[in-house]
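Worksheet for the structure shown next.
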Amino acid sequence: MNRSVYRWSSLVLRKMAEEINKSEIRSSPSIIAKSRSLWPSVLRWIPTSTDHIIASEKRLLSLVKTPYVQELVNIGSGPPGSKVRWFRSSSNEPRFINTVTFDSKEGSPTLVMVHGYAASQGFFFKNFDYLANRFKVIAIDQLGWGGSSRPDFTCKSTEETEAWFIDSLEEWRKAKNLSNFILLGHSFGGYVAAKYALKHPEHVQHLILVGTAGLSSESDTTYEWVTRFRATWRGAILSHLWESNFTPQKIIRGLGPWGPDLVRKYTAARFTNRYSPEGVFTEEESRLLSGIIYNGCFFPFFIVEDYVYHTSAAKASGELCLKYIFAFGAFNRALLNSASEWTVPTTFIYGAEDWMNYQGAQEAREQMKVPCEIIRVPQAGHFVFLENRDGFHSAVLYACRRFLSPNPDKEPFPEGLVSA
């Protein structure tokens with residue numbers, strides 16, 4: 001059984017419960033004990049809003065030493081010349097893309113970073129300092145995610161859904177006056193980045209796809225397992241939830257005061273690194289990413305510094321893309337089917353234990369007419385940029401060697417990484 005199938009999209013509904021039960025939470029015992037307060041739940045109800053998201057993001061990014069500028073970039077109310085707003089929204093109000101830009105040396109190549117499904121740009125917080133030494137790093141929250149605007153999601157087809165993300169990214173590029181940049185996308189963000197590069201290749205110097213979706217291989221045995229699983233009653237229920245666009249975020253919203261605690265437990269379970277006894281995050285990082293602080297007053301309440309909670313519990317918008325992009329089990333072959341049309345040099349980066357199978361990238365490379373490399377990073381899974389940061393950083397620098405090195409052809413392949 002491929003446990004990682006559960007770790008993405010609606011299969012998280014089952015995996016979330018399993019991982020919580022099996023994992024010990026690394027949070028402070030005093031915090032855990034106090035979070036089980038017997039006070040009425042109304043005193044522990046946790047509100048959320050865009051302001052909460054931006055505030056929690058600011059606290060999380062306080063861990064980053066490199067100075068940065070946060071801004072909400074106006075992308076208008078819809079694609080130019082279109083009668084459709086973002087998308088079919090009844091409002092003509094402008095929408096915004098939450099953006100952070102880090103200080104860099106003059107002349108540094110620009111690296112735009114795009115997060116994956118159920119995430120936001122803050123997930124790259126442990127990579128910003130290192131990458132900002134070599135690049136002008138710009139990270140965004142995609143439309144409908146994180147601290148960006150969350151228009152009503154009324155797309156009714158795969159084409160409309162892809163346009164939602166691709167066109168909003170293009171309007172953001174215009175607003176930022178960018179012309180040439182390296183585009184890095186993780187998971188679903190990799191799917192969006194690749195689709196963007198197919199439509200607007202003139203702006204993308206190099207494409208870096210990290211554990212990207214959209215390359216489901218026919219040789220992937222997971223597909224056979226999912227097919228068998230759908231025939232069970234549990235599979236039938238999850239399949240129905242998938243087609244009904246029932247997302248993990250809906251559970252978090254529905255749990256109200258218990259939502260932050262569930263997010264904290266799931267985050268701790270999800271980011272347990274068996275290769276490091278210290279885990280993926282320090283205690284402070286865990287607190288800022290998914291922590292609950294008890295104020296200790298006579299009338300207790302909880303201060304949620306929880307970046308993951310606030311980005312998950314806010315209004316449903318971009319998350320509703322799921323069923324229009326992927327078949328049940330997160331399967332999609334769209335990038336593989338269009339590989340022969342790619343005109344941008346590409347580097348694929350995978351954790352050695354990533355549940356996104358690198359064999360799909362190998363199949364795509366056989367069809368691609370542009371330079372293509374596949375790099376596997378040991379001791380890491382789907383979140384390779386968190387689980388093995390050093391390996392991930394080495395892979396990125398090697399992928400971008402023609403922008404960073406005076407003799408790119410002489411740059412040795414990084415020690416410890418695997419070329420696939």
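Numbering of residues begins at 1 and proceeds along the displayed sequence.
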Set of residues satisfying side chain to side chain donor-acceptor pair (under 3.5 Å) with respect to [X], sequence neighbours excluded:
X	value
K58	none
T99	W172
Y191	E162
T232	none

Can you check whether [X] reaches [Y] side chain to side chain, under 4.5 Å on heavy atoms?
X	Y	result
N98	V73	no
V204	H200	no
L184	V112	no
S419	I375	no
I140	H115	no
L336	S216	no
L397	F135	yes
L183	F181	yes

With no hydrogens and no angle check, just 3.5 Å: does a side-chain donor-acceptor pair link [X] and [Y]?
X	Y	answer
E353	Q379	no
S179	H203	no
H206	T346	no
Y398	E411	no
Y307	S120	yes

Sub-6.0 Å ring centroid separation between F124 and F385: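 Centroid separation for F124 and F385: below 6.0 Å.
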Ring geometry between F153 and Y324 (parallel below 30°, tilted from 30 to 60°, perpendicular above 60°):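 Ring orientation of Y324 relative to F153: tilted.
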Identified salt bridge (Lys or Arg N to Asp or Glu O under 4.0 Å) partner of D167 from the options K199, R173, K174: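 So, applying the salt bridge (Lys or Arg N to Asp or Glu O under 4.0 Å) to D167 and each of K199, R173, K174, only K199 qualifies.
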Non-neighbouring partners of Y130 that pass ring pair (Phe, Tyr, Trp, His ring centres under 6.0 Å), sequence neighbours left out: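 Partners of Y130 under the ring pair (Phe, Tyr, Trp, His ring centres under 6.0 Å) test: H393.
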Qualifying residues under ring pair (Phe, Tyr, Trp, His ring centres under 6.0 Å), relative to F165, sequence neighbours excluded: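 Residues passing ring pair (Phe, Tyr, Trp, His ring centres under 6.0 Å) with F165: F188.
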D141 vs E57, side chain to side chain contact (heavy atoms under 4.5 Å, CB included): CA-CA, chis, key distance, verdict: CA-CA 11 Å; D141 288 334; E57 173 189 287; 4.0 Å; yes
For [Y], does its backbone N or O pair with a side-chain atom of [X] as donor and acceptor, under 3.5 Å?
X	Y	value
T311	V308	yes
N407	K410	no
N332	F326	no
K323	E243	yes
R253	A313	yes
K195	L335	no
T247	E319	no
T66	F102	no
N388	A380	no
D103	Y68	no

More than 12 heavy atoms of other groups within 6.0 Å of K136 NZ: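 Not more than 12 within 6.0 Å, no.
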Neighbour count >12 (heavy atoms, 6.0 Å) for atom CZ, R402: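 Yes, because the 6.0 Å sphere around CZ of R402 holds more than 12 heavy atoms from other groups.
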Do you know which two heavy atoms are closest between [X] and [Y], and how far apart they sit?
X	Y	result
C155	W164	SG-CE3, 4.0 Å
P414	S394	CG-O, 3.8 Å
C400	I182	SG-CD1, 3.8 Å
A118	F123	O-CZ, 4.3 Å
I54	Q70	CD1-NE2, 3.8 Å
N92	S77	O-CB, 3.2 Å

Derivation and outcome, side chain to side chain contact (heavy atoms under 4.5 Å, CB included), residues L404 and R134: CA-CA 8 Å; L404 301 171; R134 300 295 189 94; 4.2 Å; yes
Residue pairs passing the side chain to side chain donor-acceptor pair (under 3.5 Å) test where at least one lies in residues 142-156, sequence neighbours excluded: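 Output for this query lists D152-K315.
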N74: side-chain contact (heavy atoms from CB on, under 4.5 Å) partners, not counting sequence neighbours: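 Expected list: P94, F96.
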Would you mind writing out the side-chain donor-acceptor pairs for residues 364-372 within the sub-3.5 Å range, not counting sequence neighbours?
residue, atom, partner, partner atom, Å
R365, NH2, A420, O, 2.9

Contacts of [X] that satisfy salt bridge (Lys or Arg N to Asp or Glu O under 4.0 Å) - sequence neighbours left out:
X	result
K126	E285
E341	none
R401	E373

Separation of L215 CG from L209 CG (nearest 0.5 Å):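 That separation rounds to 7.5 Å.
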From I251 atom CD1 to L241 atom CG, the distance as rounded to the nearest 0.5 Å: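 Separation between the atoms: 8.5 Å.
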Side chain to side chain contact (heavy atoms under 4.5 Å, CB included) between L131 and M113, intermediate numbers included: CA-CA 11 Å; L131 295 177; M113 305 181 73; 3.8 Å; yes
Trace of the side chain to side chain contact (heavy atoms under 4.5 Å, CB included) decision for F383 with F392: CA-CA 10 Å; F383 286 85; F392 171 74; over 6 Å; no
Test log, rule salt bridge (charged side-chain N to carboxylate O under 4.0 Å, His left out), inputs K176 and E71: CA-CA 11 Å; K176 289 290 289 180; E71 59 183 328; 2.5 Å; yes
CA sep, side-chain torsions, deciding dist, call: S312, Q249, side chain to side chain donor-acceptor pair (under 3.5 Å): CA-CA 6 Å; S312 300; Q249 291 85 347; 5.3 Å; no
D354 bridged to R376 by N-O distance under 4.0 Å: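 Answer for the salt bridge query: no.
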